[in-house]
**Student:** 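Here's a structure for you.
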Amino acid sequence: MPRGKTAGKVPGKPARQLLFSEALRQQKHPSTADSPPPSHNTMSDYTQGVSMDRILQEKSAVGRKLEVAAVESQAALQTDRDQELLYLRSKLTDLEDRSRRNNIRFLGFPEGIEGTDILSYLRDTLPKLADITIDPPLEFQRAHRLGLKRQNEKDRPRPIIACFLRHEQVRQLLQMSRRQGPLRLGSLEIRLSADFSKETADQRRAFLSLRPLLRQLDVKFGLFEPARMWITNNGESQTFYDPEDLKSFLEGLHDPTQPMESATQPPPRHTEPN
């Protein structure tokens, strides 16, 4: 190599040792430029604990809100189902009442008086009993006694239920019965009443159980089919469809200084308006 040129000169032993020592030092203590970036998760253990508690509290609060929402949703769903059930029951009751519109119940005919042909007996007896002319002649679809046969002759005779072919004849007979009251057949007293479903009959009995209180308060009233009570008080008329609503209304009219008549005993079924 030419003298004076050192570019390609190989370092001597001391220089090599110096380079080796520097490389070893950098390997043991790397510079910040060569080291990886510091981690961002540098919070203390206390801060981490507080954050975890807060997360658990928020999670618990969210869980309680979800539970409350679920309960409210279930309650709303149950309310909707109850309302739908009540609606379906009312529709079923209405359908049953409509299917009974051509029926009349006769109370007071002794057992066996009809013989073996109850339809012929009713066809011949009712015009005389009602003392009215029905044109065309009475026509029935069917008729029979209600309930089980009597075990004792002293028991009250079972009512007769008859299904008429024409509703107009049912209407005429019931109107006549309301005007005249119980009908007479010799020494017998015969009552006529419309035929209703059990739910409607119970509601009518509840209305009629309030008659003593209505009379005590001098309130005019009338029970109309299928089960609604019309009253007139101080010249104002109202119609009630729920016996409890009528009872609450009458209790509001009642003079607290006067004893209230009991209305707990129901009257006979299907008693007609005053």
Side-chain angles (χ1 to χ4, degrees), residues 82-83 86-87 89-94 96-98 100-101 103-109 129-132 146-147 154-161 170-185 187-274:
D82 291 342
Q83 292 178 350
L86 289 175
Y87 172 76
R89 284 179 176 175
S90 66
K91 293 292 289 184
L92 182 61
T93 300
D94 180 65
E96 184 175 354
D97 287 334
R98 290 178 183 274
R100 295 170 178 257
R101 291 176 71 241
N103 294 354
I104 292 182
R105 294 180 178 230
F106 299 92
L107 296 86
F109 284 114
L129 181 68
D131 193 21
I132 59 175
L146 288 175
K154 296 182 180 180
D155 293 340
R156 186 169 55 182
R158 295 173 296 166
I160 294 176
I161 184 170
V170 173
R171 188 185 62 82
Q172 290 179 6
L173 288 171
L174 290 177
Q175 285 183 347
M176 175 272 306
S177 176
R178 294 188 185 103
R179 289 193 304 266
Q180 300 181 17
L183 306 179
R184 293 286 178 178
L185 182 63
S187 60
L188 300 177
E189 186 176 271
I190 309 299
R191 295 179 179 270
L192 280 64
S193 69
D195 186 37
F196 300 102
S197 64
K198 181 182 182 303
E199 291 76 11
T200 301
D202 291 342
Q203 191 169 358
R204 289 174 64 88
R205 282 197 295 269
F207 271 126
L208 292 173
S209 68
L210 299 173
R211 288 186 303 176
L213 184 56
L214 287 163
R215 291 178 178 134
Q216 180 183 357
L217 297 174
D218 196 24
V219 176
K220 295 181 179 180
F221 65 93
L223 182 60
F224 295 88
E225 296 181 3
R228 54 190 176 93
M229 180 73 82
W230 168 85
I231 68 169
T232 299
N233 179 55
N234 294 330
E236 296 183 0
S237 298
Q238 290 181 267
T239 301
F240 291 86
Y241 296 88
D242 189 337
E244 291 299 323
D245 292 341
L246 177 58
K247 184 178 180 181
S248 299
F249 176 79
L250 295 177
E251 289 174 350
L253 298 177
H254 182 259
D255 184 357
T257 62
Q258 300 294 328
M260 181 180 294
E261 293 189 21
S262 174
T264 57
Q265 297 297 327
R269 186 179 181 184
H270 301 328
T271 303
E272 296 305 326
N274 184 17

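Note that the structure is a prediction, hence the values are computed from the model and not measured.
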**Student:** Which pairs with one or both residues in residues 228-242 pass side chain to side chain donor-acceptor pair (under 3.5 Å), sequence neighbours excluded?
**Tutor:** Thr232-Ser237

**Student:** Just so I know, are the side chains of Gln203 and Glu199 near enough to count as touching, which here means a heavy-atom distance under 4.5 Å?
**Tutor:** no

**Student:** Which residues satisfy the side chain to side chain donor-acceptor pair (under 3.5 Å) test with Ser187, sequence neighbours excluded?
**Tutor:**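 Partners of Ser187 under the side chain to side chain donor-acceptor pair (under 3.5 Å) test: none.
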
**Student:** How about Met176 and Leu183: do any of their side-chain heavy atoms sit closer than 4.5 Å?
**Tutor:**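 Met176 reaches Leu183 side chain to side chain.
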
**Student:** With no hydrogens and no angle check, is any side-chain donor or acceptor of Arg100 less than 3.5 Å from a backbone partner on Asp97?
**Tutor:** no

**Student:** How far apart are the closest heavy atoms of Phe240 and Phe207, and which atoms are they?
**Tutor:**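 Looks like O-CZ, 3.3 Å.
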
**Student:** Please identify each residue that fulfils side chain to side chain donor-acceptor pair (under 3.5 Å) with Ser248, with sequence neighbours left out.
**Tutor:**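 By the side chain to side chain donor-acceptor pair (under 3.5 Å) rule, Ser248 matches no residue at all.
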
**Student:** Evaluate side chain to side chain contact (heavy atoms under 4.5 Å, CB included) for Phe106 paired with Arg191, printing each intermediate quantity in order.
**Tutor:** CA-CA 6 Å; Phe106 299 92; Arg191 295 179 179 270; over 6 Å; no

**Student:** Using distance alone, with no hydrogens and no angle criterion, decide if Ser197 and Thr200 have a side-chain donor and acceptor under 3.5 Å apart.
**Tutor:** yes

**Student:** Can you check whether Ser193 reaches Ile104 side chain to side chain, under 4.5 Å on heavy atoms?
**Tutor:** no

**Student:** Rounded to the nearest 0.5 Å, what's the gap from CD on Gln216 to CG on Leu210? Could you check?
**Tutor:** 12.0 Å

**Student:** Not counting sequence neighbours, which residues clear salt bridge (Lys or Arg N to Asp or Glu O under 4.0 Å) with Asp245? List them please.
**Tutor:** none

**Student:** Between Glu225 and Arg178, is the closest basic N to carboxylate O distance under 4.0 Å?
**Tutor:** yes

**Student:** Distance from Lys247 atom NZ to Leu213 atom CG, nearest 0.5 Å?
**Tutor:**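 Output value for this atom pair is 9.0 Å.
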
**Student:** Is there a salt bridge (Lys or Arg N to Asp or Glu O under 4.0 Å) between Asp94 and Arg98? Walk through the geometry before answering.
**Tutor:** CA-CA 6 Å; Asp94 180 65; Arg98 290 178 183 274; 2.9 Å; yes

**Student:** Side chain to side chain donor-acceptor pair (under 3.5 Å) with Arg158: which residues, sequence neighbours excluded?
**Tutor:** Glu111

**Student:** Who passes side chain to side chain donor-acceptor pair (under 3.5 Å) against Asp218, sequence neighbours left out?
**Tutor:**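 Per chain and number, Asp218 pairs via side chain to side chain donor-acceptor pair (under 3.5 Å) with no residue.
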
**Student:** How close do Glu189 and Pro182 get, heavy atom to heavy atom, and via which atoms?
**Tutor:**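 Scanning both residues completely, I find the closest heavy atoms to be CG-CB, 3.3 Å.
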
**Student:** Are the side chains of Leu192 and Ile190 in touch, meaning some heavy atoms are under 4.5 Å apart?
**Tutor:** yes

**Student:** When you measure from the side chain of Ser177 to the backbone of Leu174, do you find a donor-acceptor pair of N or O atoms at a distance under 3.5 Å?
**Tutor:** no

**Student:** What's the shortest heavy-atom distance between Ile161 and Leu146, and which atoms?
**Tutor:** CG2-CD2, 3.5 Å

**Student:** Would you say Phe249 and Ile231 make side-chain contact, with heavy atoms under 4.5 Å?
**Tutor:**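 Yes, side chains in contact.
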
**Student:** Using only atom types and a distance under 3.5 Å, with no angle test, would you say the side chain of Arg204 pairs donor to acceptor with the backbone of Pro226?
**Tutor:** yes

**Student:** I'd like to check Glu96 versus Thr93 (side-chain heavy atoms, cut-off strictly below 4.5 Å). Are they in contact?
**Tutor:** no

**Student:** Under the criterion side chain to side chain contact (heavy atoms under 4.5 Å, CB included), I'd like the reasoning laid out for Met229 against Phe224: C-alpha separation, chi angles, the key distance, then a yes or no.
**Tutor:** CA-CA 6 Å; Met229 180 73 82; Phe224 295 88; over 6 Å; no

